[in-house]
Protein chains: 2
Amino acid sequence: MSDAPTRSGDDGSGRQSIWTRPERGSRGPVPAHSRDAIVEAAIALADAEGLPAVSMRAIATALGTGAGSLYRYLSSRDDLLDLMTDRVVGELRPYPPAEGDWLDGMLLLARRQLALHRRHPWLIEVSHRPSAVGPESLAWFDNCLRILEPVACAVTAKFEAIAMVTGVVSLFARSAAAAGSFSFAGADLAAYPHLVAAFSQPPAPAPRADLFERTLRGLLTGLLVADPTEAG
Amino acid sequence: MSDAPTRSGDDGSGRQSIWTRPERGSRGPVPAHSRDAIVEAAIALADAEGLPAVSMRAIATALGTGAGSLYRYLSSRDDLLDLMTDRVVGELRPYPPAEGDWLDGMLLLARRQLALHRRHPWLIEVSHRPSAVGPESLAWFDNCLRILEPVACAVTAKFEAIAMVTGVVSLFARSAAAAGSFSFAGADLAAYPHLVAAFSQPPAPAPRADLFERTLRGLLTGLLVADPTEAG
DNA sequence: TGTAAACTACAAACGGCGTTCGCAGTTCAG
DNA sequence: CTGAACTGCGAACGCCGTTTGTAGTTTACA
């Protein structure tokens, strides 16, 4: 909506994004900390105690300084979250060589992305917020395009497909994190006949094998090797 | 993970969920406000100014009272968000009669859900948080099961399918809300050859017709009318 | 009917948050 | 050498969700 604030290298207010602003000037004492150290401490904190525990004061305490001092290195907590995200996206490297089927290649990338979410559960909470795309995220995106190179279709379709794959990955990551986190106790189940019918059935024999892969395979073939009869 | 806190009618600490706790007792003056009025004010605020504007103080001001007074009707802000969510889910009623193909029925429901997200953009931010399932959400779920009744497969698969549909809906809602909200300015694009190649191509002739529907159709058939050769 | 318990409203306060500001000390450009 | 640009730091600001204390009101029950 509105005038598209497009967080980029230089927004209207003259402020620079975290990706283009230099870490420090040439004068003054050598800083006691660094952007990297702060990001590292924040990630460690998020991995260990979850995203809500990542407060400026907590990070500063972990680094042995005050909360206000962090603003010598960052301009806001949002910038820090962007840096954290891009840094862990870097863990997706090294990217495998483009060999074999492009579909298998995309599935491999998706599985790696899912593993990344397992390593850093806070990624789910952080990725839903409009963020500035960092260099590692761009590299990942670029690599997806590389794998999709043999596919003959419009770039728009590829963009859509990549976005959908990322979305489905976060979907699975979210459902894995929220597994069994609620129940129906206390509700008047009598009002929901199909629900009680479903629960009165014998439990499923076993979870279907690799719902993740089947979903993505269906999605990608559906989006990229489209039925030519409905070319719009 | 851990001991599954299962937010339900009565959690371990003896506190009752917002769905089972009575709104008021029998003694004392008649309350000046009501749970419904608070929820309504909160939804109006969220629709107009976004979820961050929904602070206890703002709601209280809108109702002409103090922030602390709201705790006579709610036990926490999280409870309020649960109530808000369930209330707008009620807007999905009335549910259409189960006629025609189940796939078409599910697609209709999904489209309605997407429209709901368009009406209440804050739903995206609120639904990613582990929440207590309210009666309207249960009714919606029950209705999905009703539509899927003619499908002959395990209930587990139906649950998975419903969850995936909801997830894909929120995916599309999110991408619609974030459309064009970032750019690559300031980045050294030379390091991303496939990205620049993609952008140097002529723009797509036109967006593919109804990516939403095609995605869901592929997903549902893939998940529910599974290939019998790989029955697990 | 009298009284105590249960309920109401409300303002003030608590602790935490992200962030800003002023101050004192340090380093380097001109 | 001087002054500008930087550094760390602690106090403060204005928000937030929530708790608490006080005072007034209504109902249940002896």
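Scope of the values below: all heavy atoms of this structure, side chains included, with no hydrogens, waters or symmetry mates. The chains referred to below are lettered A, B, ... by the order of the sequence lines, with proteins before strands, and numbering in each begins at 1.
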message: Rounded to whole Å, how long is the line connecting atom CG of Leu74(A) with atom P of dT20(C)?
response: 12 Å
message: Is it the case that the side chain of Arg77(A) and the backbone of Val54(A) share a donor-acceptor pair, with hydrogens and angles ignored and the cut-off at 3.5 Å?
response: yes
query: Side chain of Tyr73(A), backbone of Ile38(A): donor and acceptor closer than 3.5 Å?
result: no
message: Counting only side-chain nitrogens and oxygens, does Tyr71(A) get under 4.0 Å of the OP1 or OP2 atom of dC6(D)?
response: no
message: Would you say that Arg112(A) contacts Leu116(A) through its side chain, given a criterion of any heavy-atom pair below 4.5 Å between the two side chains?
response: no
- prompt: Arg77(B) side chain N/O closer than 4.0 Å to the phosphate oxygens (OP1, OP2) of dG17(D)?
  reply: yes
task: Figure out the CZ/P separation between Arg72(B) and dT18(D), and round it to whole Å.
output: 15 Å
- request: Establish, with yes or no, whether the OP1 or OP2 oxygen of dG8(D) is under 4.0 angstrom from a side-chain nitrogen or oxygen of Tyr73(A).
  value: yes
task: Looking only at side-chain atoms of Pro29(A), point me to the closest of dA9(C), dG25(C), dC9(D).
output: dG25(C)
task: Measure the distance from CG on Leu70(B) to P on dT18(D) and round it to the nearest whole Å.
output: 10 Å
task: Take Arg27(B) and Ser69(B), find for each the nucleotide of DNA chain C with the closest heavy atom, and name the residue whose nucleotide sits nearer the 5' end.
output: Arg27(B)
message: Just to be sure I understand the rule, does Gly68(B) reach a base, reach only the sugar-phosphate, or reach nothing, if contact means heavy atoms closer than 4.0 Å?
response: base
- prompt: For the pair made of CD1 in Ile38(A) and P in dG18(C), what is the distance, rounded to whole Å?
  reply: 14 Å
- prompt: NA contact type, Arg24(A), heavy-atom cut-off 4.0 Å: base, sugar-phosphate, or nothing?
  reply: sugar-phosphate
Phosphate OP1/OP2 of dG17(D): any Ser76(B) side-chain N/O under 4.0 Å: no
query: Rounded to the nearest 0.5 Å, how far does NE2 of His128(B) lie from NE2 of His128(A)?
result: 4.0 Å
- prompt: Backbone N or O of Gln113(B) within a donor-acceptor pair of the His117(B) side chain at under 3.5 Å?
  reply: yes
message: For dG17(D), does the base pair up with any side-chain atom of Arg57(B) as donor and acceptor (N or O, under 3.5 Å, distance only)?
response: yes
task: To the nearest 0.5 angstrom, please state how far the OH atom of Tyr95(B) sits from the SG atom of Cys144(B).
output: 8.0 Å
task: May I ask you to test the Ile18(B)-Asp78(B) pair for a side-chain heavy-atom distance under 4.5 Å?
output: no
Rounded interatomic separation in angstrom, taking CE from Met56(A) and P from dG10(D): 16 Å
message: Between Gly66(A) and Ser26(A), which residue's closest nucleotide on DNA chain D lies nearer the 5′ terminus?
response: Ser26(A)
message: Tell me the interatomic distance from Asp79(A), atom CG, to dG18(C), atom P, rounded to whole angstroms.
response: 14 Å
- request: Grab the CG-C1' distance between Leu80(B) and dC16(D) for me, whole Å please.
  value: 15 Å
- request: Compute the angle between the rotation axes at the two ends of the helix from dT1(C)-dA30(D) to dG30(C)-dC1(D), each taken over five pairs, rounded to 10 degrees.
  value: 10°
task: Keeping the roles fixed (side chain from Glu23(B), backbone from Arg35(B)), state whether a donor-acceptor pair exists under 3.5 Å.
output: yes
query: Taking only side-chain nitrogens and oxygens of Ser55(B), does any of them come within less than 4.0 Å of OP1 or OP2 of dC16(D)?
result: yes
query: Separation of Glu23(A) atom CD from dA5(D) atom P, in whole Å?
result: 20 Å
